[in-house]
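Below is one structure, written out as structure tokens; the observations come after it.
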Number of protein chains: 2
Amino acid sequence: MYDTITVSRQLKAAGVHPTAQRIAIYHYLLSQAKHPTVEDIKAWVDQNFPKMSLATVYNTLRTFVEAKLVKELKLPHSSKTVYDTNVRNHHHFFDEDSGELIDLDPAVVTLDPALKRKYLITHIHVLLRGTQRRKYDDHA
Amino acid sequence: MYDTITVSRQLKAAGVHPTAQRIAIYHYLLSQAKHPTVEDIKAWVDQNFPKMSLATVYNTLRTFVEAKLVKELKLPHSSKTVYDTNVRNHHHFFDEDSGELIDLDPAVVTLDPALKRKYLITHIHVLLRGTQRRKYDDHA
DNA sequence: ATTTAAAATTAGACTGATTCTAAATATATG
DNA sequence: CATATATTTAGAATCAGTCTAATTTTAAAT
């Protein structure tokens, strides 16, 4: 689904020179990673790329963020920044059991219209935390 | 309004031994500070307390958080943790002009009821960012 | 193809916020 | 008062992330 040529083309389309390092990282982000930290990315890279500096991982992610290929998420559930290939507007749910981060549609949150009269809102950050319900859970 | 005796009593009521350092910091938090960082607190302390270690500021804040006297806020608008004496449930608006953080009533945010069927939500973090409208601003 | 310029990568030093350590001091209890 | 316990302290250590300056790669122009 994501061969090198395709990934390379997507990088070019975003104005990012497709170097071997960038192709590798973007390929990983698109195909395997779900909200990885730099640590996660570096660990994958160390297993799947001849040799890459940690600085390159950081540089590459910054480049991707600037090119709007990924979103950088600094969420209060962790001290580590995570990256998201879902660049559309959305929110997150942090599953306290699994540690997993789940994307939520922005429509699940509604703001009081009175707020818009008082504030000009440019960003809405929402993180919900909790656990996922199993079937037949009581949800009073 | 917040004399030493009162502050001291409040600390005791929360199960926190009222040492001079703790009284000073809690007094500052209650009376002058609005969403201060550790840096802000240390700066005030350096002006208003004979001598206090930075470690004590951190220790004291941890103690207060554990005693639920203050909330610790790690918001994505800054790399610095801020502290809030408003321990009720609430959200925040970050004013990008002034850098000010404004408390919002939790009622300004409504979650889709379908979410509650899928998730058991224990925490709701909301940070809005933008600017404050002046009177007569168009708010289409 | 070769030179030259620009961009990307690199290792390792550095920073800033926070935590840890272990000693010193203060407080509470028997 | 003696002694245990809690608190404070200075400074070292940690951790995520950034910066620096040198090297390597890539692109552009002869």
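Sequence lines set the chain letters: A, B, ... in the order given, protein chains first and strands last, and positions in each chain run from 1.
In this structure, the CZ atom of A:Phe64 is 13 Å from the C1' atom of C:dA8, given to the nearest Å. When rounded to the nearest whole Å, the span between CG of B:Leu73 and P of C:dA17 equals 17 Å. One can place CE of B:Met52 at 14 Å from P of C:dA26, the figure rounded to the nearest angstrom.
Distance from the side chain of B:Ser53 is smallest for D:dA10 among the nucleotides C:dT9, D:dT8, D:dA10. When distances are taken from the side chain of B:Tyr58 to each of C:dT18, D:dA16, D:dG11, the shortest belongs to C:dT18. Residue A:Ala55 places its side chain closer to C:dT10 than to any other of C:dT10, C:dA28, D:dA16. For B:Thr81, counting side-chain heavy atoms from C-beta on, the closest listed nucleotide (D:dA16, C:dT18, D:dT9) is C:dT18. Here D:dT9 is the nucleotide among C:dA17, C:dT10, D:dT9 with the atom lying nearest to any side-chain atom of B:Asn59.
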In residues 6-17 of chain B, what donor-acceptor pairs under 3.5 Å come from side-chain atoms, sequence neighbours left out?
{"residue": "B:Thr6", "atom": "OG1", "partner": "B:Asp3", "partner atom": "OD1", "Å": "2.6"}
{"residue": "B:Thr6", "atom": "OG1", "partner": "B:Asp3", "partner atom": "OD2", "Å": "3.4"}

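Heavy-atom distances to DNA chain C give each of B:Ser79 and B:Ala20 a nearest nucleotide, and the one nearer the 5′ end belongs to B:Ser79. Of the residues near DNA chain C, A:Val16 and A:Leu54, the one whose nearest nucleotide (by heavy atom distance) lies more toward the 5' end is A:Val16. Of the residues near DNA chain D, A:Val82 and B:His17, the one whose nearest nucleotide (by heavy atom distance) lies more toward the 5' end is B:His17.
Note on the helix from C:dA1-D:dT30 to C:dG30-D:dC1: angle between the axes of the first and last five pairs equals 10°, rounded to 10 degrees.
B:Tyr28 meets the ring pair (Phe, Tyr, Trp, His ring centres under 6.0 Å) test with B:Trp44; sequence neighbours excluded.
No single ILVMFWY cluster, assembled from side-chain heavy atoms under 4.5 Å apart, contains both B:Leu128 and B:Val82.
When heavy atoms are screened at a 4.0 angstrom cut-off, B:Thr19 is found touching the sugar-phosphate backbone but no base atom. Residue B:Glu39 is out of contact with every strand shown, counting any heavy-atom pair closer than 4.0 Å.
Ring geometry, A:His125 versus A:His123: the interplanar angle falls under 30°, so the pair is classed parallel (tilted spans 30 to 60°).
A donor atom on one side chain and an acceptor atom on the other are not found under 3.5 Å apart for B:Asp105 and B:His91.
One N or O on the side chain of B:Thr122 and one on the backbone of A:Arg129 form a donor-acceptor pair closer than 3.5 Å.
Residues A:His35 and A:Leu73 are in side-chain contact: their nearest non-hydrogen atoms beyond the backbone lie under 4.5 Å apart.
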